[in-house]
Every structure is written in C-alpha cells, then in structure tokens.
Amino acid sequence: MTNQLTKRSQDYSKWYNEIVIKSGLAEFSGIRGFMIIKPYGYSLWEIMKEKLDQMLKKSGHENVYFPLLIPKSIFSKEKKHTKILSEGCAVVTHYKLIKNKKKEFIIDKESRLEEELVIRPTSESIIWKTYKNWIQSYRDLPILLNQWGNVLRWEMRTRLFLRTNEFLWQEGHTAHSTQEEAIEEAEKILNIYTNFSEKILGIPVLQGIKPHTDKFYGSEKTYCIEAIMQDGKSLQIGTSHFLGQNFSKAFDVQFTNKNGKKEYVWSTSWGVSTRLIGGLIMTHSDDKGLILPPKVAPIQIVIIPIYQNKEKFDIIDDMVKKIVKIFEKEKIRVKYDNIKTLTPGWKFHEYEMKGVPIRINIGEDEVENKKVEVFRRDTREKMYLSWIDLKSSIIELLDNIQKNIYKKALDRTQKFLIKSDSYQDFKKIINNHGGFVLAHWDGTKNTVKKIQEETEATIRCIPFAFEREKGKCIYSGKPSFQRVIFSKSY
RNA sequence: CGGGGUAUAGCGUAGUUUGGUUAUCGCGCCUGGUUUGGGACCAGGAGAUCGUAGGUUCAAAUCCUGCUACCCCGACCA
C-alpha cells in the first residue's frame, strides 16, 4: 500500500527515480551528482560486465588498466578533443591535508603539485602517450585493448544511472596500420554492442552514425546505437569512434610499414557505461517495478515457502532445498527466501519491485501434488508446473521471458519509428508521443539548432537500416540526400 | 549558470501563516505472543541537539539575516 510507485503515465521522471531507489539498485549519495550503487545494482552491473567482457575477449581484445589521473600537459595535446571535454573536468592540485586550530582538515598549501593532475573524463590522452612507446613497426599492430574503470565528468544536470558525474564503463582503444582496418574495427564493435544490447539486455536498438554536427571531438566518424524508451525519448546506449589519425598525429605515434616507410597509426575508441542500466529500466519496467531480462537478472528465480507451522515448514523446506540444488547445478541464479519475519504477501511485492523474472511458491499443496506455483514477472501470469520436469520447463520459461520482453520492446520501437514529410506533422509527433522521426534534413547546423529550439528534438543519428532516398529538408525545404532520425533524448 | 522546491527519528510526514507546557502521525526497528496462499495482528518499548551559524524575544521548529546541502525544470553531454 505505502510502497507503490508513481504511475508512468502520471510522471515518468518521478517513476524512474522511485523505481531505482525502491528496487534497491542505487541511491543518492549526498554528494551532488554522485550516486551509490547498492548491492543489487552492482551485481546487475557485474553480470552485464561479465557478458560483454566475454564478447570483447572472444573478438580478440585484452583488458588493461591505466591511471585515474592524467598530467595536464598530456591531457592538453589533442586540442580538438580536449577543448570540449575540459569544460567538465575535476583537477587534483594538492596531495595533503593538515589540521587547523579548530581541528578541521584544511589543504596543506605546501603540498601543491608542480603539475596538476586531471581526473580522467576518458583515457585517450594517457593511452596514446603510452602507445607511442609501444608502437614502432607494423608488426606491433593492431593493438586491441579495453579497460574497465570509472571516469569523471562534471555534469550540469544529473540523473541516476543516465547521467552522473562519476560513472563506470569500459573504454576500448585500438591502434591499426590501415584506415580500412580501423573502420572495420569500429563497425565490428558497434555490432558487438548491438548484439549485447538486443540479445542480452533485450533492448532493441537502431544503428547509425552521428551527423557531423554532433560527433565526438577528435573523431572522424562516430557510430552509435540508439534505443527508444517507453516515454518516446531516445537514449544513446553505446558509441564507437573511428578516430582517423587524429590521436596518432597529436601524440606523434608512427610505425614503419612493410616498405620501410613511416606512417601515422589509425585508431578507434568505444564505450558503454552504467547508463545501460538506465536504459534497461526504462525499456522493460512497469508500474509494479523493475522487469529484468533473465540473462542479467541477479536473481533469476526466487522461491518462497508458505506454511502454517513448524512441522509443515520442515517438509516444505526439505522440498525447496532439493529444488534449489537442481537449479544451482544448472547455474541458475536462485534465491530461497525463508526469512520468517516477513509474510509471503510482503515478499511477493518486494520481488516484483526488484524485477525477479520468476517466482516460485511452495506450500502444502505443492508438496502433496508434486508441483509448484510459478509466477512470471513480465506478464504477471500464474501457472502450475509439475515437479517431474521442472528443470527443463523452468529453463524454457526463462528463455521465453527473455524473448517476450525483447519482442515487446521491439514492437514498441517499430511503432515509434515514424516517417514525416511536413514540419507541422513532425511537431505534432514529437509533442504528442515522441519516438524516432525519420525526416529529411539539409545538413546544416542552423536547421538542427532551430528545430531543437522549437521542438526539443535533435538528430540522433543517420540510420543504417534505411535506403538512401532524396528529398527536401523538413525545415528549410532545401535538398537532402537521406532521412535522419530526430527525437527528444535523455 | 538561471528558475523552482525541500531540509523535523532509519524512511515518509504534521506543526511554521497567527511564537507559548513533554514536537504529531504512519512505516520501519526492539521484546513477547498469535499469524503466514498478494504488503498480518495484539500488547509493550526504544529512537529528534527540528540542515547550519547568528539575531529578535521572558520564550523560537515557528519571526529576521547569512550560509550550506540535496532534489526537480532548462542550457552542456555517455
């Protein structure tokens, strides 16, 4: 009663905040823009991380770790890229605290660093400074490295998981001897991200490339995957950059090719972050709480015993323990909640809030009839399954839930994908229900700016999935080569 | 950085307009008992320098001044 969520239809933003907190994923830290990822949220991240890590390793990447702090002089080398990023950087200037007369800590002015250290907003600079030492010959290439870590970007406005000052991510940094190979790498990664998003997280995405008006400074091509949330706003959930020779030139990283000639190295960088968790929430969850895809749910099955007295509990307990063993053997993440102080009803609501895909009830009835009551979170349906082939039917059900929530999201994404050829119509769509609007654009910055001012929508990407088609810009009427995706976004 | 809001027990809150005993209520927590198939019940109990610093007053959660923090809405962005 007291613990219900605000309805999505009432206030989507409020619903989002409440679900993050009430499901136990994360909470506010008391430090502006920083959050605490709680055990449930962190174990979700760990599972996601493990899956993506496997995919990256399978495709030939290795993990490394570079320092959190970057000397300012190194940081400054790549001018285009640092120009914008530097606006949200925290800088370490001292290394020591001392106590004053009131016994409060103050900065020891004597400890001022000769060179200030920037807390990494991303690691291109320190990595490319290092790559200079690692690369001499074409035989040293390619270098395919990835790093799991945290970065800091001082944001003006923050939201749990979607935008926080500090976030966890992976950043890949690769070096190649040819342009083609680097482009291929950036595209390969985009496909890995797409696969991960769709197959593991159940989030359908649109692949595309950022228009020149909105790409990462220092990159030649910025590939991205964009997903549409339930409220019709889009979320960029992954990016992969083809960086050309920008970083190798800035850090003077050259290699000797087969013909004995020096060439600058070609590179890529790419990343996904804890923002994915925000996307996961906003893609699948409902007014009762989270709905997590079985492949990443920290708890895939929760078993709740229902009993009247000690003797009956012992019998039920016995049966549950056997079932738990069967599931554990299959590496299913199962939790047996036999806490006596909470009633079954309380637990039902709690695990629904936490988005556990399957709940199993076991009481006297179930023991007698060798069956279990099964509740699936995604459709909120109850069913009875026989104990005999429980293992296979549960594995099948988990698979079914995974597919079902993806399909539901895919249907919605397709409904949200709308072509528009008149600005009137365009404004209506954006204002009424949002979504991805496919429209012609004249390629100018000015048009993007005007449309944003008037509708809040921006160009998310130039999508791959659609044929090139000539037309007229929806805003200016000038000629256009292709449709781009407009949307309001997070 | 601009606009708005909030700050009272672990959480959510009443009280602030119009100053006045011992600061309200619910959830949670502790003890004992009864319960347990969709957020159980009874009895008892613990828990608060009312965000912070100062001021006005016989008297301040309440009035005045400064400060701080966080949240929400925009501009910057994964």
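A note on names: the letters A, B, ... follow the listed sequences, proteins ahead of strands, and every chain is numbered from 1.
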> Tell me, do A/Leu276 and A/Phe196 make a side-chain contact under 4.5 Å, heavy atoms counted?
Replying inline: yes
Whole-Å distance, A/Asn338 CG to B/G37 C1', equals 17 Å
A/Phe34 atom CZ is separated from B/C71 atom C1', nearest whole Å, by 16 Å
NZ/NE/NH1/NH2 to OD/OE distance under 4.0 Å, A/Asp286 and A/Arg377: yes
ask   = Looking at B/G37, does its base get a donor-acceptor pair with the side chain of A/Lys382 below 3.5 Å?
value = no
Assign each of A/Glu456 and A/Gln308 the nucleotide of RNA chain B bearing its closest heavy atom; nearer the 5' end lies the nucleotide of A/Gln308
From CZ of A/Arg275 across to C1' of B/A78 the rounded distance in Å is 5 Å
The nucleotide from B/G38, B/G37, B/A78 with an atom nearest the side chain of A/Thr239 is B/A78
Check: A/Glu352 side chain, B/G39 base, donor-acceptor under 3.5 Å = no
A/Ile362 atom CD1 is separated from B/G38 atom C1', nearest whole Å, by 17 Å
Whole-Å distance, A/Glu311 CD to B/U36 P, equals 14 Å
| When the P atoms of B/A7 and B/A61 are considered, how many whole Å apart are they? | 16 Å
Can you tell me, in whole Å, how much space there is between the C1' of B/G51 and that of B/C71? 15 Å
Crowded around A/Lys210 NZ? As in, over 12 foreign heavy atoms under 6.0 Å?
-> yes
For B/U16, the nucleotide meeting Watson-Crick or G-U wobble distances (both under 3.5 Å) is none
* Asked: Can a salt bridge be assigned to the pair A/Arg376 and A/Asp378 using a cut-off of 4.0 Å between side-chain N and carboxylate O?
  -> yes
*What integer number of Å spans the P atoms of B/G3 and B/G66?*
15 Å
If you count every heavy atom of other residues, nucleotides or ligands that lies below 6.0 Å from A/Lys199 atom NZ, does the total exceed 12? no
Should the side chain of A/Glu364 and the base of B/G37 be counted as holding a donor-acceptor pair, with the cut-off at 3.5 Å? no
Whole-Å distance, A/Arg153 CZ to B/A78 C1', equals 6 Å
Here the distance between atom C1' of B/G38 and atom CD1 of A/Ile360, to the nearest Å, is 17 Å
